[in-house]
Amino acid sequence: MRIALGGAAMLALLGFLTIFVFLVCTFSGRVSVLVALVIVPLIAGLAGGFGADLGKMMLDGILKVTPTGVMIMFAVLYFGLMLGVGIFDPLIRGLVSLVRGDPVRLCLVTAALSMLVALDGDGATTFLITITALLPVHRRMGMNPLVLPGVVALGAGVMNILPWGGPTARTMAVLHADASQIFTPIVPALCVGILWVFLASAIIGLRERRRIGVSNVDISVEITLTKEEQEIRRPKLFWFNVALTLAVLAALFTHIAPLAIIFVVGFAIALIVNYPAWEDQRERLIDHAGSVVTVTSMIFAAGIFTGILGGTKMIEAMSQQIVDLMPDFLTPYLSKIVAVVSMPFSLIFTPDAFYFGVLPVFAGAAGALGQDPLTIGRAAILGQMTTGFPLSPLTASTFILIGLSGVSLGAHQRFIFVWAFATTIIMAAVAWIGGVI
């Protein structure tokens with residue numbers, strides 16, 4: 001029997017209840033997100049009388065997110081390997097050599113380094129490497145302690161929009177889209193966002209220059225490695241790894257092949273060249289297994305969640321209810337509204353709660369209004385857990401950032417919130433002008 005509750009309104013009610021229970025589970029922290037993504041919609045589907053079809057719905061959902069899951073898996077493996085072989089070590093030393101005691105130069109170098117390291121798509125790694133490398137430099141020059149975490153937050157936030165970053169990966173999984181549909185249209189906005197980060201960093205640096213002036217201290221940085229880190233470094237292959245990474249990035253942005261295939265091939269080449277012995281290859285795979293399993297299992301669980309909500313038509317019913325209640329004068333601006341509020345939403349919703357629970361409903365509402373649902377996805381990633389994640393108390397990496405920097409969360413938020421929010425607004429304006437949101 002289908003939806004014994006009867007009617008589209010009751011189906012929508014079941015859908016909203018499902019999302020509410022999912023949000024409660026994620027906010028409480030008592031149930032893992034993966035478990036909530038699977039069990040909550042499964043119970044809702046059974047309650048609605050869809051038991052006979054749930055298996056197919058779940059499998060269909062998994063199959064739709066498989067390309068995204070494969071892409072994320074090998075992107076994490078590739079950039080994790082590049083960090084391990086030491087591709088960023090000379091870049092760190094080279095960038096720091098440009099500082100020359102000038103706070104403006106230091107802020108620009110901080111922004112550049114954070115964005116380079118953020119290519120691996122992991123906020124915690126970005127903060128660990130960047131803060132550890134530059135904290136002694138900032139302290140030696142007498143910089144405001146809030147400048148380092150603030151500028152790093154701006155750079156890492158913008159780069160978190162990359163396809164293998166958490167928000168965009170979640171968006172592609174939920175909307176069953178690929179990077180060419182979600183990420184590529186906002187590349188111009190991302191480029192403007194990167195330029196804005198440099199401009200904002202320069203302004204922050206000018207303030208510090210007026211306060212402390214230009215120092216004459218000798219600025220250098222030493223990268224301290226453990227014995228294990230020294231063993232996996234490959235300095236003799238530095239230029240090969242740089243060339244390979246540039247080739248991978250060029251392939252990504254030109255879309256000469258699906259992103260998943262690019263990363264699979266790139267990782268295979270990097271692994272065999274840097275670590276010809278099977279035992280070494282196995283060690284590198286084991287070293288990154290935790291990160292890979294965590295992120296890919298979440299993507300496949302999200303496929304089950306959206307597979308059930310979509311297959312039972314709950315999303316469709318919820319979306320229609322929102323459309324019916326929305327004032328007519330606001331309907332043409334739905335994606336723009338989502339873009340503007342996306343960054344502050346990072347302080348309210350975890351990425352899983354927003355992208356798996358809230359985004360599908362907004363996207364469905366857009367579809368019911370005759371708008372492209374993908375515009376909602378693009379609008380969301382302009383701020384929700386991208387520019388917003390390094391300020392959010394809901395992400396563990398934020399506490400790594402402020403913990404290493406020795407500042408409080410409140411002080412960090414007050415210092416950089418306006419700059420981060422401005423980043424979202426500027427990128428949203430570019431995306432709006434470009435007609436992609």
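Given the structure is predicted, the values throughout are model-derived calculations rather than measurements.
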Can you check whether [Y]'s main-chain N or O pairs, donor with acceptor, with [X]'s side chain at less than 3.5 Å?
X: Q281; Y: Y275; value: yes
X: H412; Y: T398; value: no
X: R170; Y: I299; value: no
X: T168; Y: I161; value: yes
X: Q384; Y: I381; value: no
X: S392; Y: S346; value: yes
X: T331; Y: D328; value: yes
X: T66; Y: I62; value: yes
X: N160; Y: A156; value: no

Would you indicate whether the side-chain heavy atoms of [Y] and [X] approach each other to under 4.5 Å?
X: I232; Y: V85; answer: no
X: F362; Y: V358; answer: yes
X: L81; Y: L77; answer: no
X: L135; Y: L404; answer: no
X: D178; Y: F183; answer: no
X: F267; Y: L285; answer: yes
X: T306; Y: F356; answer: no
X: I186; Y: M427; answer: no

Are I19 and L309 close enough, and set up right, to give a side-chain contact (heavy atoms from CB on, under 4.5 Å), and what steps lead you there? CA-CA 10 Å; I19 290 178; L309 265 67; 4.3 Å; yes
Residues in salt bridge (Lys or Arg N to Asp or Glu O under 4.0 Å) with [X], at least two apart?
X: D280; result: none
X: R284; result: D287
X: D102; result: R209
X: R105; result: none

What is the distance from atom [atom1] of [X] to atom [atom2] of [Y], rounded to the nearest 0.5 Å?
X: Q181; Y: H176; atom1: CD; atom2: NE2; value: 12.0 Å
X: I304; Y: M58; atom1: CD1; atom2: CE; value: 4.0 Å
X: F240; Y: T245; atom1: CZ; atom2: OG1; value: 9.0 Å
X: L148; Y: L106; atom1: CG; atom2: CG; value: 8.0 Å
X: F305; Y: D352; atom1: CZ; atom2: CG; value: 10.5 Å
X: M159; Y: M115; atom1: CE; atom2: CE; value: 7.0 Å

Step by step, would you call F20 with V24 a side-chain contact (heavy atoms from CB on, under 4.5 Å)? CA-CA 6 Å; F20 174 75; V24 169; 3.8 Å; yes
If you look at every heavy atom in [X] and [Y], which pair is closest and at what distance?
X: A36; Y: P41; value: O-CD, 3.4 Å
X: V151; Y: C107; value: CG1-O, 3.6 Å
X: V99; Y: M141; value: CG1-SD, 3.8 Å
X: I212; Y: M143; value: CD1-SD, 3.8 Å
X: I131; Y: V152; value: CD1-CG2, 4.0 Å
X: L359; Y: A380; value: CD1-CB, 4.2 Å

Apply ring-ring contact (aromatic ring centres under 6.0 Å, His included) to [X] and list each qualifying residue two or more places apart in sequence or on a separate chain.
X: F300; result: none
X: Y78; result: none
X: Y355; result: none
X: F127; result: F389

Going by side chain to side chain donor-acceptor pair (under 3.5 Å), name the residues that satisfy it together with T296, two or more places apart in sequence or in a different chain.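 Applying side chain to side chain donor-acceptor pair (under 3.5 Å) to T296 gives none.
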Mind checking side chain to side chain donor-acceptor pair (under 3.5 Å) for T171 and listing every partner two or more places apart, or none if nothing turns up?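 Partners of T171 by the side chain to side chain donor-acceptor pair (under 3.5 Å) criterion come out as none, since no residue qualifies.
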A289: partners by side chain to side chain contact (heavy atoms under 4.5 Å, CB included), with sequence neighbours left out: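 Per chain and number, A289 pairs via side chain to side chain contact (heavy atoms under 4.5 Å, CB included) with no residue.
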Run the side-chain contact (heavy atoms from CB on, under 4.5 Å) check on W419 and I203 step by step: do they pass? CA-CA 11 Å; W419 297 103; I203 294 172; 3.7 Å; yes
Side-chain donor-acceptor pairs under 3.5 Å in residues 333-345, sequence neighbours left out?
| from | atom 1 | to | atom 2 | distance (Å) |
| --- | --- | --- | --- | --- |
| K336 | NZ | I437 | O | 3.2 |
| S342 | OG | A339 | O | 2.7 |
| S342 | OG | G383 | N | 3.3 |

Centres of the W164 and F74 rings: under 6.0 Å?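 Ring-ring flag for W164/F74: false, centres at least 6.0 Å apart.
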Can H138 and S405 be counted as having a side-chain donor-acceptor contact under 3.5 angstrom?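 H138 vs S405: no donor-acceptor pair found between side chains.
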I'd like to know if the side chain of T423 pairs up with that of T387 as donor and acceptor (distance under 3.5 Å, no hydrogens or angles considered).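 Absent: no donor and acceptor within the cut-off.
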Check each of N144, V104, I416 against I204 using the side-chain contact (heavy atoms from CB on, under 4.5 Å) test, and report the only one that passes.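 The single option meeting the side-chain contact (heavy atoms from CB on, under 4.5 Å) with I204 is I416.
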